Structure formats: structure tokens, C-alpha cells
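Source: prediction; values computed, not measured. Excluded from the calculations below are hydrogen atoms, water molecules and symmetry mates; all remaining heavy atoms, backbone and side chain alike, are included.
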Amino acid sequence: MTEPATPDQPAHPPSREGWGPARVILVVFGSLALLVALALAAAGIAGVVIDLTQREDGFVTSPTEELSTPTYAIVSESLDVDIDGPDWATRDLVGTIRITSESTRPVFLGIAPTAAADAYLGTFRHAVISDLWNEPDEYDDRGSGAPASPPSEQQFWVASASGTGEQALEWELEDGSWTVVAMNADGAANVVTDVSIGAELDALLWVSIGVLVLGLLVLALGAWLLYAGIPRRRP
């Protein structure tokens with residue numbers, strides 16, 4: 001004869017649902033969704049912060065970096081631009097590029113097709129910097145001698161600015177290989193200037209908000225998948 005269950009010993013203790021293949025799949029996909037959601041949310045938040053803290057006069061601008069070389073020019077590595085899609089998309093997403101320079105002596109800023117810039121720069125000593133767009137930290141001295149004429153006399157620049165104090169060069173992004181050059185306006189050696197680079201990026205704030213919202217939606221989906229997949233006790 002079976003003894004009756006005592007209050008301290010339930011007749012039917014709670015049981016846990018088992019781990020079936022479907023639950024494993026739900027948990028795996030839920031975990032992946034959470035990772036994707038975190039990445040999207042981080043990217044969205046970063047974009048919003050950058051737009052709110054680094055936008056000046058309509059341009060999202062990098063921190064100012066001091067560039068200095070005993071040579072006759074500071075030169076960027078070749079910038080290869082290959083625009084996929086319609087021109088209006090590039091104008092809306094990137095917009096105008098602005099390079100700002102400030103120096104105690106008259107300075108020249110110019111952007112030129114790489115082939116034309118190389119032909120001009122090959123006639124005198126200049127310094128190529130490793131990364132103009134982020135934090136330049138290495139200079140590679142090339143060439144020898146002095147320029148035969150100042151940069152303003154050259155006709156191949158697609159955009160340029162020259163003068164004393166703060167100078168701003170603005171350029172519409174185009175397909176091709178391009179080189180950015182900074183020189184003393186008179187072509188003399190010892191170039192020292194503070195440089196910052198910016199772009200309009202008019203859609204940055206709204207794109208960042210959209211990415212953030214998408215991240216929150218994926219986060220909710222991932223949480224639901226985990227909730228549905230993890231076994232729970234049954235009474």
C-alpha cells in the first residue's frame with residue numbers, strides 16, 4: 001500500500017522541460033541576435049554622439065592635428081575613390097569634403113589627380129604621411145631638391161586654398177585617384193600647419209538613429225528567442 005505524500009514531500013515534484021533540437025536552435029539564434037543588436041546599438045549611439053559633438057558649421061570634423069616637416073610639402077597617400085551608385089546618393093550621404101589648415105605663415109592646400117601631383121612632387125623633396133584621414137604618425141621623405149615654382153602656379157589642382165591664417169579647401173567627392181598637398185604658399189621648406197578634415201554627412205544623424213532603432217528591435221527579437229528556447233520548470 002502506497003503511503004500518502006507528506007506536506008514536506010510533494011507527490012509530484014516540478015519537472016523541467018527537456019532540451020530538444022528546436023530549443024537549441026532558438027537559443028543559438030537568440031544569442032546571435034543579441035550580439036548583432038549590441039553591435040548595431042553601439043554603432044548607432046556612436047554615430048549620434050559624433051554628429052552632436054563633432055559637427056562644426058555643418059561639417060562633421062576630425063580633431064585638429066599638427067603636421068610638421070622640414071621638407072617642401074606634406075603629401076597624403078593616394079586616395080582612391082570608386083563611387084558605386086548614383087551621384088545623388090554620394091552627395092546626400094557624404095556631401096562636400098572640407099580640409100582646414102591654419103599656420104603662422106601663408107599656406108597652400110590643394111587636391112590634384114595623383115598622376116599630376118606625383119609629376120610635380122617628383123621634382124623636389126617632400127614628405128608622405130601614413131594616414132591623413134585619422135592620426136598621421138609616420139612621414140616618408142621622398143625626392144630631393146627644391147620646387148622650381150610655387151604650388152599656386154600649377155594648373156592641375158581641382159580644388160585649392162591659399163593664404164594666411166585659417167584656410168579651408170572644399171571639394172566634391174569624385175571618382176579617381178587623388179592626392180592632398182600642403183605647402184608653404186611661396187614653396188619654401190619647413191612646412192608646419194594644423195589640419196582638420198570634415199565632411200557634410202547630412203544623413204549621419206538620421207542613419208545613426210535608424211541603426212539604433214534597428215538594434216533595439218533585434219535586441220527584443222533576441223530576448224524573445226532566448227525566452228522561448230530556454231527550458232522552464234513545469235508545476
Stepwise, does the side-chain contact (heavy atoms from CB on, under 4.5 Å) test hold for Tyr139 with Val128?
CA-CA 6 Å; Tyr139 293 78; Val128 178; over 6 Å; no
List the atom of [X], the atom of [Y], and the distance in Å for their closest heavy-atom pair.
X	Y	answer
Ala112	Ala117	CB-CB, 4.2 Å
Arg105	Ala188	NH2-CB, 3.7 Å
Pro106	Thr164	CG-OG1, 3.5 Å
Ile230	Arg23	O-NH1, 3.8 Å
Val181	Ala73	CG1-CB, 4.3 Å
Ala43	Val211	CB-CG1, 4.4 Å

Say whether, by atom type as modelled, one donor and one acceptor occur between the side chain of [X] and the main chain of [Y] under 3.5 angstrom.
X	Y	result
Trp178	Glu174	yes
Asn184	Asn190	yes
His126	Tyr72	no
Gln155	Glu153	yes
Trp224	Gly30	no
Glu66	Asp194	no
Arg142	Phe124	no
Thr61	Arg55	no
Ser76	Val180	yes

Could you give the distance from [atom1] ([X]) to [atom2] ([Y]), rounded to the nearest 0.5 Å?
X	Y	atom1	atom2	result
Leu32	Leu221	CG	CG	11.0 Å
Asp140	Thr71	CG	OG1	10.5 Å
Glu65	Thr193	CD	OG1	12.0 Å
Glu56	Thr100	CD	OG1	8.5 Å
Asp118	Ser177	CG	OG	9.5 Å
Leu219	Leu38	CG	CG	6.5 Å

Verify the distance criterion only: is there a donor paired with an acceptor across the side chains of [X] and [Y] at less than 3.5 Å?
X	Y	result
Glu172	Thr96	yes
Ser78	Thr114	yes
Ser162	Ser152	no

Less than 6.0 angstrom from the centroid, inside 45 degrees of the normal: does Arg98 satisfy that with respect to the ring of Phe59?
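Positive - Arg98 is close enough to the ring of Phe59 and near enough to its axis.
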Under the criterion side chain to side chain donor-acceptor pair (under 3.5 Å), I'd like the reasoning laid out for Gln154 against Ser149: C-alpha separation, chi angles, the key distance, then a yes or no.
CA-CA 8 Å; Gln154 313 307 312; Ser149 57; 2.7 Å; yes
Which residues pass the ring pair (Phe, Tyr, Trp, His ring centres under 6.0 Å) test with Phe156, sequence neighbours left out?
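By the ring pair (Phe, Tyr, Trp, His ring centres under 6.0 Å) rule, Phe156 matches Tyr120.
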Close side-chain approach of [X] and [Y], heavy atoms under 4.5 Å:
X	Y	answer
Leu226	Leu26	no
Val81	Leu79	yes
Val75	Ile129	no
Glu166	Ser103	no
Pro150	Asp186	no

Could you walk me through whether Ile111 and Thr179 pass side-chain contact (heavy atoms from CB on, under 4.5 Å), step by step?
CA-CA 6 Å; Ile111 295 180; Thr179 297; over 6 Å; no
Grouping I, L, V, M, F, W and Y whenever their side-chain heavy atoms are under 4.5 Å apart, do [X] and [Y] come out in a common cluster?
X	Y	result
Leu34	Phe29	no
Leu67	Leu109	yes
Leu214	Val36	yes
Ile74	Phe108	no
Leu35	Val218	no

Hydrophobic cluster (4.5 angstrom, side-chain heavy atoms) - remaining members for Leu212
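Other cluster members: Ile45, Val49.
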